[in-house]
Amino acid sequence: MSSAVNDTIDTRNARANASAMSAVESLVSESTSLIQYSSRGRVAVIGGYEAQEFALRLSGELTAQVILTTGAVEPGVPTIPSGNRPLRIEGYLGNFTIVLGEEGRPSYETVTVDLILVLSPAPLLSMPVKPPGYFTAIPEEPYLTQVEEELKGLTGTFEKPKYFSYDASICAHGRSGIGGCTRCIDACPADAITSLVESVEVDPNLCQGGGICASACPTGAIRYVYPGSTDTLHALRTLLNSYDEAGGGNPVVAFVAAEEAEMLDSKPANLLMVMVEEIASTGLDIWLSALAYGAKRVLLVDAGSLPGRVEAFLRQELETANTILHGMGYDDNAIRVVGPRSLDQHCDVDNGFRLDEVAHYAGSLEKRRTALQAIDHLYRHSHNAQQIIALPEHSLFGRIVVDAGACTLCMGCTSVCPSKAVSAGNEVPKLEFHEINCVQCGICASACPEHAITLEPRLISDAEQRRGMVTLHEEIPFCCINCGKAFATQSLID
């Protein structure tokens, strides 16, 4: 194709791009509540003699308290030697507690501060994303000057959005004391999510808005609300529809963290950027919907800032999404993680993702429902889809397999299933299964006293077949030898 033709196409795409971005800018997202922090500038400086030297530098609104890990106490600043006592840090900006020693021992001591600075090459806290108000620095310049300026900016009252909402009623973390899904806990880089045995608790003060919890959650119990999924889906539809109506071609959707947008070395004319707080806040429901709405490719732009556990879970979700696309006969690399310096090569999509007709559904607050809306649209317009697609182990769709020789139909699994995927028959002893509801949490398998249940991640492509009910195991009832009334199964009596 000649350069003149290319220029014409790029000019048309650039004009359509500008029109699409303008249409999205006029949209108003649903508001979320705010989390407030209050800091009086009390700083705990943890370290050796450098900590005492640095503490003497602090003045004005900052007041220092030194936790001395090595060396002798010097005059001039309040100092608490840690000795050989174990040291533990809890809390967040404006509400930190430093615990020294073990509770109940004479050496036990707590210190309450607003800010913490650890002067050490290695942080004392192990989570990838540290609490707000917690800093580490190498005890030398220019690092000390930089962290001093950051500390000075953290006195007063501050607000941030509450990034999530949580519905315990559909959480698959546990039932009847039996553990199940732990994906959100395992994925959270801020260690903001803790187990309450049958549900979880998210600390909004520790949550930094990474959003991987919502992407990893199989039920949608944790939802990302800044922006919410319906707002993101509405923006995607508006973006792609406006681009198409303005004559644009081969649209590529790129999800970009707002803080990393300036790192993009180029913005091809057919690249439609969607700004998000973090790219991990999007999941397969959003990615597949972007393709269903008409995108030729979906890019997740990562500048290398994703914590390791976040990246691992994001790639698991990506593997599931692309496995579904492959099983339906589409390009199994239509959704990909890319660096900010390689956008040009990923926007050349003359042979990219193709659909006969784009989708127009609005999407739902329920992650699974939106994902299945996208999947159903892709299936209707596929030409060689597999009827059953085997999925990776970590997927949120699948079935359970019951060993009929081991199952006694005790119905223990039906009483603990959080998504009503497994149910008991009425008058006949049988186990019924609704695959569309199964989230692969594994609670049923853990509850089974005969260990007769195993999980099988998969997706039934056809919606009607997926919604159907199947009988996993059935037996003739055992009747009382005196009155003849049915009260159990033969295998249970045996």
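This structure is a prediction, so every number in the text was calculated from the model and none was measured. Numbers here simply count residues along the sequence, with the first being 1.
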- Item | Between CD1 on residue Ile286 and CG on residue Leu291, distance to nearest 0.5 Å | 12.0 Å
- Just checking, is any N or O donor in the side chain of Thr155 or Ser39 under 3.5 Å from an acceptor N or O on the other one? no
- Note on the structure: Those residues at least two apart in sequence (or on a different chain) that pass side-chain hydrogen bond (donor to acceptor under 3.5 Å, both in side chains) with Glu317 are Lys367
- Query: To the nearest 0.5 Å, how far apart are NE2 in His377 and CD1 in Ile375?
  - Reply: 13.0 Å
- Any donor-acceptor pair under 3.5 Å linking the side chain of Arg175 with the backbone of Cys417? no
- Leu288: which of Val298, Leu372, Ile335, Thr370 passes side-chain contact (heavy atoms from CB on, under 4.5 Å): Ile335
- Task: Identify the heavy atoms of Leu125 and Lys130 that sit nearest to each other, and give their distance.
- Result: O-CE, 3.0 Å
- Any chance the side chains of His173 and Thr182 put a donor and an acceptor closer than 3.5 Å? no
- Task: Apply side chain to side chain contact (heavy atoms under 4.5 Å, CB included) to the pair Ile279 and Val256, showing each step before the final yes or no.
- Result: CA-CA 6 Å; Ile279 62 170; Val256 184; 5.7 Å; no
- Sorted by first residue and then second, give each side-chain hydrogen bond (donor to acceptor under 3.5 Å, both in side chains) pair with at least one member in residues 455-464; sequence neighbours left out. Arg399-Glu456, Glu435-Arg458, Glu464-Arg467
- Is any side-chain heavy atom of Leu343 closer than 4.5 Å to a side-chain heavy atom of Val252? no
- Message: Show the nearest heavy-atom pair for residues Phe164 and Cys207, with the distance to one decimal.
- Response: CD2-SG, 4.0 Å
- Task: Look at Asp331 together with Arg354 and state whether they make a salt bridge at an N to O cut-off of under 4.0 Å.
- Result: no
- Query: Tell me, do Leu299 and Phe255 make a side-chain contact under 4.5 Å, heavy atoms counted?
  - Reply: no
- Query: Looking at Asp348 and Lys296, does any basic side-chain N land under 4.0 Å from a carboxylate oxygen?
  - Reply: no
- Are Met127 and Pro189 close enough that some pair of their side-chain heavy atoms sits under 4.5 Å apart? no
- Item | Shortest non-hydrogen contact from Cys448 toward Ile453 | CB-CD1, 4.2 Å
- Message: Check whether Ser199 reaches the backbone of Ala168 with its side chain - one donor and one acceptor, N or O, closer than 3.5 Å.
- Response: no
- Message: Quick one: does any side-chain atom of His394 pair with a main-chain N or O of Gln316 as donor and acceptor, under 3.5 Å?
- Response: yes
- Output yes when a side-chain donor or acceptor of Asn17 lies under 3.5 Å from a complementary backbone atom of Asn270, and no otherwise. no
- Message: For the CD atom on Glu393, are there more than 12 heavy atoms of other groups (residues, nucleotides or ligands in this structure) within a distance under 6.0 Å?
- Response: no
- Heavy-atom nearest pair, Gly294 first then Pro251, reads O-CG, 3.6 Å
- Tell me, do Pro307 and Val129 make a side-chain contact under 4.5 Å, heavy atoms counted? yes
- Message: Do Val202 and Ile222 make a side-chain contact, defined as non-hydrogen atoms from C-beta onward lying under 4.5 Å apart?
- Response: yes
- Item | Taking every non-hydrogen atom, the tightest pair across Val253 and Ala295 | CG2-CB, 3.8 Å
- Message: I'd like to know if the side chain of Asn95 pairs up with that of Tyr92 as donor and acceptor (distance under 3.5 Å, no hydrogens or angles considered).
- Response: yes
- Message: Less than 4.0 angstrom from a charged side-chain N to a carboxylate O is my criterion; do Arg315 and Glu319 meet it?
- Response: no
- Query: Does the side chain of Phe397 reach to within under 4.5 Å of the side chain of Ile389, using non-hydrogen atoms?
  - Reply: no
- Message: How long is the straight-line distance from CZ of Arg183 back to OG1 of Thr219, given to the nearest 0.5 Å?
- Response: 9.5 Å
- Message: For the residue pair Lys160 and Phe158, would you count it as a cation-pi contact if the rule is NZ or CZ under 6.0 angstrom from the ring centre and within 45 degrees of the ring axis?
- Response: no
- Quick one: do the Asp344 and Ser266 side chains pair a donor with an acceptor below 3.5 Å? yes
- Query: How far does CD of Glu61 sit from NZ of Lys152, to the nearest 0.5 angstrom?
  - Reply: 10.5 Å
- Query: Can you check whether Val200's main-chain N or O pairs, donor with acceptor, with Tyr166's side chain at less than 3.5 Å?
  - Reply: yes
- Message: Under a plain distance cut-off of 3.5 Å, with no hydrogens placed, do His360 and Asn241 share a side-chain donor-acceptor pair?
- Response: no
- I would like to know whether His383 and Asp356 meet side-chain hydrogen bond (donor to acceptor under 3.5 Å, both in side chains); could you show each step before the answer? CA-CA 10 Å; His383 300 289; Asp356 297 334; 3.2 Å; yes
- Task: Flag the pair Tyr293 / Tyr361 as yes when their ring centroid distance falls below 6.0 Å, and as no otherwise.
- Result: yes
- Message: Closer than 3.5 angstrom, by distance alone: can the side chain of Thr32 be matched with the main-chain N or O of Lys162 as a donor-acceptor pair?
- Response: yes
- Task: Can you run down the ring-ring contact (aromatic ring centres under 6.0 Å, His included) pairs that involve residues 203-231, sequence neighbours left out, and say none if there aren't any?
- Result: Tyr163-Tyr226
- Item | Test side chain to side chain contact (heavy atoms under 4.5 Å, CB included) applied to Leu365 - qualifying residues, sequence neighbours left out | Arg223, Ser229, Thr230
- Item | Pairs involving residues 133-144, ordered by first then second residue, that meet salt bridge (charged side-chain N to carboxylate O under 4.0 Å, His left out) (sequence neighbours left out) | Arg57-Glu141
- Do Asp203 and Asn205 have a side chain donor and acceptor closer than 3.5 Å? yes
- Item | Side-chain heavy atoms of Trp287 within contact of Leu300, under 4.5 Å | yes
- Task: Examine distances only and state if a side-chain atom of Ser382 and a backbone atom of Tyr379 form a donor-acceptor pair shorter than 3.5 Å.
- Result: yes
- Answer yes or no: is there a donor N or O on one side and an acceptor on the other, between the side chain of Ser395 and the main chain of Pro392, under 3.5 Å? yes
- Query: Measuring from Ile116:CD1 to Ile89:CD1, what's the distance to the nearest 0.5 Å?
  - Reply: 4.0 Å
- Message: Could you check whether Ser289 and Gln373, counting side-chain N and O atoms only, form a donor-acceptor pair closer than 3.5 Å?
- Response: no
- Would you mind reporting whether Leu318 and Leu314 have side-chain heavy atoms less than 4.5 Å apart? no
- Item | Spacing of SG belonging to Cys444 relative to CG belonging to Leu455, to within rounding of 0.5 Å | 6.0 Å
- Message: Treating Ser281 as the side-chain partner and Glu278 as the backbone partner, does any N or O pair qualify as donor plus acceptor under 3.5 Å?
- Response: yes
- Item | Side-chain (Asp231) to main-chain (Glu30) donor-acceptor, under 3.5 angstrom | yes
- Query: If we ignore angles and hydrogens, is there a donor and acceptor under 3.5 Å between the side chains of Asn13 and Tyr243?
  - Reply: yes
- Arg336 vs His346, side-chain hydrogen bond (donor to acceptor under 3.5 Å, both in side chains): CA-CA, chis, key distance, verdict: CA-CA 9 Å; Arg336 59 184 75 174; His346 295 291; 3.1 Å; yes
- Item | Neighbour count above 12 (heavy atom, 6.0 Å) for Gln387 CD | yes
- List the atom of Val439, the atom of Arg368, and the distance in Å for their closest heavy-atom pair. CG1-NH1, 3.6 Å
- Contacts of type side-chain hydrogen bond (donor to acceptor under 3.5 Å, both in side chains), residue Tyr330, not counting sequence neighbours: none
